[in-house]
Amino acid sequence: MNRMSRRAANLQPLPRERSRERAWLRLELKPLQAVLPVLLRSESGRATTILVRGSTETELPPGLVTAELRLPSGELLVQETTLSPGATAQLIFDVSGSQPEATRPLYQDGGLISKAPGVLGLGSWRLESLDLASYLLLSYRPVPAQASTWEKRVTGVSLRSKQETGWDRKPLFPRGGRSTPWILVDEESEALRFTFLEPPDEMSLSALQVDIPAPSRPDSPKPMALLTLLPLPWQSTSEESRGKPRPIRHILQPEPGAPGGVHPETLIPDPEMGMVLAYLESGDVGSALAYQHFLFELAEYARLGLMWNPFAAAAGAYAMLCLGTQRLAWTERLWRLCSWVPDSGIVHASLLLRHFRPGSEELTVIRDALVGAAWQGPPVFSGGVRRLVDGLAQVASTRQFREDPEVRLALGYARALAGMALPGHQCTTLFAPREHLDDLLGGAAAFEHSPLNPGDPP
Amino acid sequence: MTVVFQAPAVTPALHALVVGVGHYPNLSNPTLGSAARSALAMATWLKEEYSNPAVPLGSIELLVSSNPPSTWEGRPLDAATFANFEAAVGNNASGWFQRASSNEDNIALIYFCGHGLEKGQQSGLLFQDFNPAPGRNRLKDSLDLLEFSGGLESCLARKQLLILDACRDTPSWLYALPSPLLGRVVIPRDLDNRPTQQPRQLVILRSTAAEQPAWGDPGGLSRFTQGMLNALRGPAADDRFSEDGTWEVRPETIPITLLHLDKQGVLPWSWGPNAPRLGGDTAGFVFHVPRSLEIPLRIGCEPTAHNAQYVFLVKDDQRVLAARAPPAARDWVITLEVPPTSVVVEAQPAGKPAQAVKLAPPCRKVTFR
C-alpha cells in the first residue's frame, strides 16, 4: 500500500533572537494534515515523544538533538541537528509518500467521483439497482478488454446491509457482458477501490461482499466470498472536524497467496484514529501511546453520552484495552446506547473480564453483553472476534453458565466466525463459502439452524 | 521432563518452557533442523544473556525433537511430543504451570519453534507426533492456540509471553475440514477459580504474518529467532517508558524493531510478506534489560556506486573503532557496542564531510551524498 519516499533533513535556522539559555525546535510534517509522534533525544535530556499535528514548536536544551519518526510501515526517519542557544531550528519530515493511505487527502490520486446514479468512470461500469444518493464511489479508468486477472478472481461485488428481516444484498457492479473488463488501474497498482459515506440504512451494520469463483482452493469446490464489515457511517473524531461525515475507503488488491487471491483493506480516514489503529496493527505500541490524550478525549465524550460515532468509540475502547488503559468506565454506556454494534458488548465484557473477581455479579453482565453481541452478528473490528470467543469460552467455564444453551450456541457461533475471519485486518473480514455467509451474518440465531453448527460446541 | 536450569527459590522470576520440533517422523519431509537449533539457541540466550533485575531467570525447561536427538550440556533432552509438552506444562507441583504460578509478578514464557497451521483466527501448533494421514484425526496432536492462551488466564503469573516461531498458512486439507479448527486443550479455562483480580498482560509474538510461512536457514536458525535474538541485544531496547532512562526491551517492541531493521537494510534478508506480527493483548511489560547495547550502523554512499571509491572509518574521538578497507560496492553494516553513545563516520580519501551520529536503537544509517 505504502510506496516509500523519503526526503533528507532540512535544517533552516530562523532569524529569531530569544533567551540565550534555551533553544527551540520546530517540527513540521508534510503533508500538514498528518498527526504523527516524533521521538526527541536531546544531548542531556531524556527521550520524549511529542505528537506533531502538522507543525509543532518545542523547547529543548541547546546542543545535538535527534528526532525520530517511526511509521507503522516500519520505516524509520531520523534527523539530527544542533540547536544553538536562543535560536530556533527546523526539521521537516516529508511523509507524503509513506503515510498510510488512511491519512492521505481523499481523491488526490486522480480518481473520478460520482455522487449521482449512472455511469462511473469511462462508461464500462454501470450501476444498477442501487440508490447512490448516500454513496460516494471512486473509480479508475478501465483498461480495454484483455486477459484480465480480475476476471479470474472476482465475479461480483455487492453491498450488504442489515435489515430487520435479515441481510439485504445489492450488487454494485453487475457485469455488463464480455466487453466489460474487471481490470482497473491507476498509477500505483491494479486495484478496485470503493469509498463509502453512509450505509443504505442509517445505523445498521453493513458489509462489502466480493464473490470469488470456485474453486479457490484445491479442496474447496464451493464458490467462496470475502466479506468485510464496514464501520459506516463514520463521523470524524478529529478535533477540527468532529462529527462531520468522513468516507471510508475500501481497496481490493490482487495478491497471489491471499485467500481468493484478493487482499481487501478498509481504511479509516481520521488522522488520529487511523494512526492509532495502524500503529497497533504494526505492533508499535510505543507510538500508539502518543495518542492516548486523543483516546481519553474520545472516552470522555462517550461517557457523557455523546455517541456520534459508535464505531470510533468501540475502536477507541479496543485500542485502550490493547494499551492497558484502565479508564474505560464508559463502555457500559456505549453498550447500552449502541448494542446494535456487536463490538460495544464485546469491548465492555472484555473490560469487565480484565478485572473479574470470581463470584462477582458482573458475570451476568458479561454473559449478557457477549451473548447479545453474538446475536447481532460479526463484530465490525477484527480484534472483536478473538475477544468474543475468548470471553464466551470464559463464561462457559463457570458453574453458573456451563449449561446455558444461549452461551453454548453463542460460543459455537463465535468459533465458527473465528475459523473464517482472516487475521491481520482492521475490520472483520470473512473468507467463507458463499452459501454460509447468511448464517454467519445473521448472528447466533441464524447459526442455530445452520449446517455450520456442530450442535454441541465443546 | 528436562528442566535444564532451575534457580534456587527466586521470586518473582521468569519461568520458560522452550520447545523445538525439528523432527516430524510422520511427514514426507521429516526434518526441520532450524527449529531444534533455534530452541537450543533460545535456551542458551536465556541462560547466558537474559537479564532483568526485577524478574531474574527462574527456570528453563527444554523439549527438543531432532534426528539424532539433541543434548544439553551432555544430558539427553526429552522429545517435543504432545504428551511430553502436556506433562511439562503439567498441572502438578513440578510442572511449568505451577512454577510460573508461584508469584503474581512472574513472567511465564513459552517459546515454540516448529510447524504450525492456521485457519482464520484459529491456530494450531504441531508436535513431533503430528500425523496428517487421511482418515486420522489430524488435529489430535496439535495445540489449540486460542484455547491455550485462554487457559493461561488461570496462571497466577500476570506477565505472559508466547513466542511462536511457526508457519501460519492454511494447508488445503484444512479448508475441507468442518469449521472450527480445534486442537487439544492443555489448560482448561476456569473463570470460577481465577487466581487474581490483577489483569494479565499477554503478549504473543508471531514469527510471520497471517497466511504466510516462516523461514529457517539450512544449517542455521529460523530467521525470526535469529532476528529476535539480535534485536534483544540492543535494537529492540527502548528508553521511553522507564523511569530513569534505562534501556529495556518490552516484548511488543520486537516485531516492529525487526521491521525497522529490514526497512533500514541492516538485516541480511528482507521479510517481504513474512514480517513478524504481534498478538495477544498487546500492552506489555519489561522483559529484558540488556547489559550493553549493540546497535547496527549502516554506512554507504548515494549513489551506491560511489561506495567502491571510499574507505569508511568509524571513530570515537580520534580512536578508530572500525574500518572497512578495501572499499566495496555495497553499503557497510556493522554492529557497534554502546558506549560510546556517538561516533564520527568518515569516508576516505576525504572529500565528503565527516558525519557525527548518535547511536540509539533500533539502528542508525549514515549516507554520504
Side-chain angles (χ1 to χ4, degrees), chain A residues 4 8 39 41 46-47 49 64 66 68 70 73-76 78 80 217-220 257-259 280 282-286 321-325 353-359 363 382 385-386 389-390 393-399 415-424 430-431 452 454 458, chain B residues 118-122 146-147 149-150 153 168 170 172-173 175-176 178-182 188-194 197-199 201 209-212 238-241 245 250 252-253 255-256 259-260 262-264 273 275-278 281-284 342 356-358 360 362-365 369:
Chain A
M4 305 303 168
L39 177 63
R41 296 181 194 284
R46 290 191 46 194
T49 302
L64 185 69
T66 307
E68 257 183 59
R70 301 174 181 202
S73 60
E75 200 175 8
L76 181 70
V78 182
E80 286 186 350
R217 297 267 174 174
D219 294 352
S220 175
L280 284 175
S282 77
D284 191 349
V285 179
L321 267 172
C322 287
L323 296 174
T325 304
L353 277 167
R354 257 175 85 78
H355 301 275
F356 181 74
R357 179 174 50 82
L363 184 59
S382 187
V385 176
R386 180 180 66 85
V389 178
D390 223 32
Q394 296 287 10
V395 170
S397 76
T398 61
R399 282 181 295 278
R415 283 190 169 136
L417 265 187
M420 295 180 185
L422 300 177
L430 305 174
F431 182 59
L452 293 172
Chain B
E118 191 163 275
K119 186 182 180 197
Q121 296 194 11
Q122 295 180 313
L146 199 55
E147 285 309 298
S149 61
E153 179 64 83
R168 298 179 65 187
T170 312
S172 54
W173 58 265
Y175 272 99
S179 190
L181 154 71
L182 279 177
R189 297 173 189 261
D190 187 3
L191 192 59
D192 286 333
N193 293 302
R194 190 179 191 223
Q197 249 187 293
Q198 282 301 313
Q201 293 159 294
E211 291 288 330
Q212 296 295 333
D238 204 326
D239 64 345
R240 281 178 286 179
F241 309 110
R250 290 166 178 265
E252 70 269 22
T253 59
I256 188 71
L259 205 53
H260 288 317
D262 178 13
K263 297 282 182 185
Q264 295 293 93
R277 289 288 194 273
L278 186 66
D281 296 329
T282 306
S342 56
V357 59
K358 210 169 158 63
C363 59
R364 285 295 181 257
K365 189 173 178 180
R369 291 188 170 85

Region of Ala360(B) in contact with chain A, defined by heavy-atom distances below 4.5 Å: side chain
Thr49(A) backbone acceptor or donor facing Arg240(B) side chain under 3.5 Å: no
Steps toward salt bridge (Lys or Arg N to Asp or Glu O under 4.0 Å) verdict (Arg354(A), Glu153(B)): CA-CA 10 Å; Arg354(A) 257 175 85 78; Glu153(B) 179 64 83; over 6 Å; no
Chain A contact via Asp238(B) - which portion, at a heavy-atom distance below 4.5 Å: side chain
4.5 Å side-chain heavy-atom contact, Pro423(A) and Arg277(B): no
Contact check, side chains of Gln122(B) and Arg415(A), non-hydrogen atoms, under 4.5 Å: yes
Portion of Thr398(A) that has a non-hydrogen atom of chain B nearer than 4.5 angstrom: both
Atom group of Gln198(B) that falls short of 4.5 Å from chain A, counting heavy atoms: backbone
Side chain / backbone / both / neither for Arg168(B) at chain A, heavy atoms under 4.5 Å: side chain
Lys365(B) side chain reached by Val78(A) side chain, heavy atoms, under 4.5 Å: no
Chain B contacts, top residue of Ser282(A), Gly359(A), Ala393(A) (heavy-atom pairs, under 4.5 Å): Ala393(A)
Close side-chain approach of Phe356(A) to Gln197(B), heavy-atom, < 4.5 Å: no
Leu278(B) portion near chain A, given a 4.5 angstrom heavy-atom threshold: side chain
Carboxylate-amine/guanidinium contact Glu68(A) Lys358(B), below 4.0 Å: no
Chain B contact via Leu430(A) - which portion, at a heavy-atom distance below 4.5 Å: neither
Within-4.5 Å side-chain heavy-atom neighbours: Pro362(B) and Arg70(A): yes
pair Arg41(A)-Asp239(B): side-chain heavy atoms closer than 4.5 Å: yes
Heavy-atom side-chain proximity of Val285(A) to Thr253(B) below 4.5 angstrom: no
Between NZ on residue Lys119(B) and CE on residue Met420(A), distance to nearest 0.5 Å: 5.5 Å
Closest approach of Pro199(B) to His355(A) (non-hydrogen atoms, all atoms of both residues): CG-CE1, 3.6 Å
